[in-house]
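The block underneath contains the structure these notes are about, expressed in structure tokens.
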Amino acid sequence: MHLVLVDGSGFIFRAFHALPQLTRKSDKLPVGSVIGFCNMIWKLSEDLSGDDAPTHMAVIFDYSSKTFRDEIYAEYKQHRPPAPEELVPQFPLTRAATRAYGLPSIEMEGYEADDIIATYTALAKDVGGKVTIVSSDKDLMQLVEPDGSVRLLDTIPRPGQPPLRWIGSDEVFAKFGVGPEKVIEVQALCGDAVDNVPGVPGIGVKTAAELINTFGDIETLLSRTAEIKQPKRREALETNAELARISKRLVTLNRETPVELPLEDLVRQPVEPAKLFPFLKAMEFFAISKRLGTLLDADPEAWPADPELAAKPAEPVGFDNNARAEARAARQSAEGRADSAPVLHAKLEHEKIKAIPLDHSKYEIIRDAAQLQRWIDAAYAEGIVATDTETTGLDNQTADLVGISFSTAPGNGAYLPLGHTEGHGDLLGGGMAEGQMDLRAALEQIKPLFADRSILKIFHNVKYDLGILARYGIEVRSFDDNLLLSYSLDGPQFNTMGELSDHWLGLAGMSIKELLGSGKTQKTFAQVPIADAAKYAAEDADLTFRLWKVLKPRLVAENMTTLYETIERPLAPVLARMEGRGITVDRQILSRLSGDFAQRAAALEAEAYELAGSNFNLGSPKQLGEILFDRMGLPGGTKTKTGAWSTGADVLEDLATQGIPLARTIVDWRQLTKLMGTYTDALPSYINPRTGRVHTTYSQHSVLTGRLSSNDPNLQNIPVRTEDGRKIRTAFVAPAGKTLISADYSQIELRVLAHIADIQALKDAFEEGLDIHAMTASEMFGVPVEGMPSEVRRRAKAINFGIIYGISAFGLANQLGIERSEAGEYIKTYFARFPGIQDYMAEQRRKVKADGYVETIFGRKVNFPNANSSHPAERSFVERASINAPIQGSAADIIRRAMIRMEPALKAAGSDAQMLLQVHDELIFEVDEGKEDAVMPVIVKTMENASEPAVRLTVPIKVDAHAARDWDGAH
DNA sequence: GCAAGGACGTA
DNA sequence: GTACGTCCTTGCA
């Protein structure tokens, strides 16, 4: 017998990377890799003819459930790169293809393809058969037999080499320096960075082979380390004996997996047109169909498309009918099993890193080009370097570069000082400090390293460094960001490097505050003596490297790779560019408004003193409360949790309607002074003298749900609701010759709710383009939309928002100024009219209590550590927040994806429009005057399609766009 | 000089 | 009822 075992997952990835991303015509399903897979399978059966023809054959896959995250997880166990999202839907299709070609498709939960291959190989050998494993995976080389009965076949085309390359005992020896039977011993010693095998640090393939050839195996070697002459090598082996043993466990394939199909069932079957053509037709592979029709002498037209696979409207992917639910159940039932390889790897890395002591004496100060070159060379040798820029401030649009630090391995570090001044610490500063490289020369030398795609640069908060480096003409390709890794894994619980290293490494690290001082005497980093600066900066790079070694493996172990690699990491440079562009703010407009507001506020102030009968600080809620409720003795006063009188706008509004004119005066005064203090007076101070524009800073890692936040200044809360407030928006303008475009998602959160909770009535309403609040009102109160009183619609709108916020009768009553019982009735009616909402809410409550987190449709986890708090109020709060988080968060994910794709989309359309701002469901652009009409459709389409193809929403997404000279006009 | 609380701007 | 950031006052160091 001759058994041929095909490494199916290897074929898929090979097809994906080698071929264009074709899609199925009728529904744009990605199928390029399926086409490649089919062709490879067919070609293989043509190649293996005559003496090499198989009597038995099967295609083996890594196990995968139906969700893309589980797919990635399974592929990761095989140590392959993360699955790109276009590839995900193609995994199940390649299984179907295998069956269509008459081959058994084999995969097993809990086992890698390699284990199954090892098992069938052993079974075939037992009966004296010959085995060919179609794969180029070196992990399978341990199965090769010196007598030629088991060989690998590498079919991947390589230039200058024959199309088919057999790998027997000699080829294995060439690669590992030992025969197949010792391959696992060598692999256990030298490890493999890509394969998650730790190995023994400092031992490569050559050394490993030498040791195994001398001692025979790992155990003998470990028992006789005293005979090893090189002290470093001996020490490495002695301290890492356990790592070597664990590594051997990781690399050894399991030859006794409980396979379900007996060998007899793998007997080669002829291709059946009745199986093949319905598949090809459903896939719409008409060219292949025609070719095989000729070869098999069959008429492809005689069979209908397989209805299971043919194009059709996508299934809803809501919370309860999502395959993810099945995957979750599978994961839960698997609890208690031994750690998977990625989890084990992450734990091992963490332990190893924690054991490395912090030693400042190992750090270097880089003084000249030769020394800098040694660090650059080290970065090239490792393929990876942690780095950090030191600057004179926290705002990367104004701060100057002072130095750059590097670390190429945990424990080492170097600081390159470039802009330190003679440290008098006074305002005059002094000249440049001695012993620093010329800034320009050093940057020219470093530039290629940062631009090199093959060298991974690790940062903490890369967006800051990208902004600084861009201003110095340095481009960064290939990077990781610990802050974003931490955010992807744990949410916004850690902000600074100090917090991360304290938590994960148990290391405090030097404090920047001690270095710079505080208050009046605070220095900039440029004024810190180089020797002190170097300790701090090099340690920063060192800790950055260490943290990366802890955090990065967790991505795979915890299935957060897709979120990080397809959303968080690519977004950072997009935000850096938006921050760098800034937006023009017209000083004159703000100044005029400020004068107007100040006059009116002064008049109101005088009026308030008159009405109150005394002068007091209008800005003091404390004094106001005492006047209103103690001195004037007005009814309706409530106390805040600290016992102070409550004087919020709603309280004052109440008093005003009860005929207290002072209350109205205060409300109006507060509005005007708020507008002055926060906007008309504050914004001009943010105009950057270098660019003449206002540059906000976005925080990508601060919001629980996945939204961005904006600060210094916050451009996400520029007023819009009142007439006076909107005037501030007229100061945000396009420069001469340009126009602003605002594009905003219409009702995105309600649409997301309709999708994830699968509310048919809501979906239908969106499909028909109805006024959603009026439709809700009409459903609930039985009032026709035509001629509906505005109050009825207002109530329905409040309820819709209430649902998104995790409604409570208390909150709704507050919002609408009605009785709690009445609000409760509204909610009951809503639930009755829109069945599904309650199920959604119940599911989120259940999940957050059981798991401690809920998820967005893109797999972002939102953690609630207090879900089972003993405080009822806190528990209720978590319940509402856990209902809101998937809605707000999924909408946030969608716009993040839109932003990532926007620049390439604009470029592809030949537009030079620039994305400036994001306000949660709105994007602001600047575009050449006259180009608005051309670019708006591109923007709208990119935003509307942003969830695809990862998530096919079951509601339409709508985006409105407007162009005008200023933000008020465009909105 | 700093932190907490209240108030209020946005989605 | 969700999610933020900023300004101002107050109270303490």
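So that the names make sense, note that chain A is the first sequence line, chain B the second, and so on, each numbered from 1.
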Using a 4.0 Å heavy-atom cut-off across all strands, classify [X] as base, sugar-phosphate, or nothing.
X: A/Ile887; value: nothing
X: A/Gly648; value: sugar-phosphate
X: A/Ser710; value: sugar-phosphate
X: A/Ser709; value: sugar-phosphate
X: A/Ser699; value: nothing
X: A/Arg670; value: sugar-phosphate
X: A/Ala798; value: base
X: A/Phe801; value: nothing
X: A/Ser646; value: sugar-phosphate

Ring centres under 6.0 Å, that's the criterion: do A/Phe864 and A/Phe877 meet it?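 Ring centroids of A/Phe864 and A/Phe877 are no less than 6.0 Å from each other.
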Aromatic centroids of A/Phe834 and A/Tyr830 separated by under 6.0 Å: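 Between A/Tyr830 and A/Phe834, the centre distance is under 6.0 Å.
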Among the nucleotides [options], which one has an atom lying closest to any side-chain atom of [X]?
X: A/Ala649; options: B/dG9, B/dA11, B/dC8; answer: B/dC8
X: A/Asn617; options: C/dT6, B/dA7, C/dT10; answer: C/dT10
X: A/Ile807; options: C/dG1, C/dT9, C/dC4; answer: C/dG1
X: A/Thr640; options: C/dG1, C/dT10, B/dA7; answer: B/dA7
X: A/Tyr679; options: B/dG9, B/dA11, C/dT10; answer: B/dG9
X: A/Lys674; options: B/dG1, C/dG1, C/dT6; answer: C/dT6
X: A/Gln671; options: B/dG9, C/dG1, C/dA3; answer: B/dG9
X: A/Ala881; options: B/dC8, C/dG1, C/dA3; answer: C/dA3
X: A/Asp921; options: B/dA7, B/dA11, C/dA3; answer: B/dA11
X: A/Lys622; options: C/dT10, B/dA11, C/dG1; answer: C/dT10

Decide, yes or no, whether a salt bridge links A/Arg600 with A/Asp724 under the criterion of side-chain N to carboxylate O below 4.0 Å.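 Yes, A/Arg600 and A/Asp724 are salt-bridged.
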Check A/Arg860 with A/Glu855, please: is the shortest side-chain N to carboxylate O separation under 4.0 Å?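 Salt bridge: no.
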Side chains of A/Leu683 and A/Phe732: closer than 4.5 Å at any heavy-atom pair?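 Yes. Closest side-chain heavy atoms under 4.5 Å.
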[X] [atom1] - [N] [atom2] separation (whole Å):
X: A/Ile728; N: B/dC8; atom1: CD1; atom2: P; answer: 16 Å
X: A/Trp967; N: B/dG9; atom1: CH2; atom2: C1'; answer: 12 Å
X: A/Phe864; N: C/dA3; atom1: CZ; atom2: P; answer: 6 Å
X: A/Leu715; N: B/dA11; atom1: CG; atom2: C1'; answer: 14 Å
X: A/Gln623; N: B/dG6; atom1: CD; atom2: P; answer: 16 Å
X: A/Lys641; N: B/dA4; atom1: NZ; atom2: C1'; answer: 10 Å
X: A/Arg751; N: B/dA11; atom1: CZ; atom2: P; answer: 17 Å
X: A/Arg721; N: B/dA11; atom1: CZ; atom2: C1'; answer: 7 Å

Report yes if at least one side-chain N or O of A/Arg707 is closer than 4.0 Å to OP1 or OP2 of B/dT10; otherwise report no.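 So the side-chain polar atoms of A/Arg707 never come under 4.0 Å of the phosphate oxygens OP1 or OP2 of B/dT10.
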N or O in side chain of A/Thr642 less than 4.0 angstrom from B/dG6 OP1/OP2: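 Yes, such a contact exists.
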Is the base of [N] touched by the side chain of [X] through a donor-acceptor pair closer than 3.5 angstrom?
X: A/Arg880; N: C/dA3; result: no
X: A/Gln888; N: C/dT2; result: yes
X: A/Asn714; N: C/dG5; result: no

cation_pi(A/Lys639, A/Trp645) dist<6.0 Å, angle<=45: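 Because its charged atom sits under 6.0 Å from the ring centre and within 45° of the axis, A/Lys639 does stack over A/Trp645.
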Using side chain to side chain donor-acceptor pair (under 3.5 Å) as the criterion, point out the one residue from A/Asn717, A/Thr696, A/Thr697 that pairs with A/Ser710.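 Result: among A/Asn717, A/Thr696, A/Thr697, A/Thr696 is the only option passing the side chain to side chain donor-acceptor pair (under 3.5 Å) with A/Ser710.
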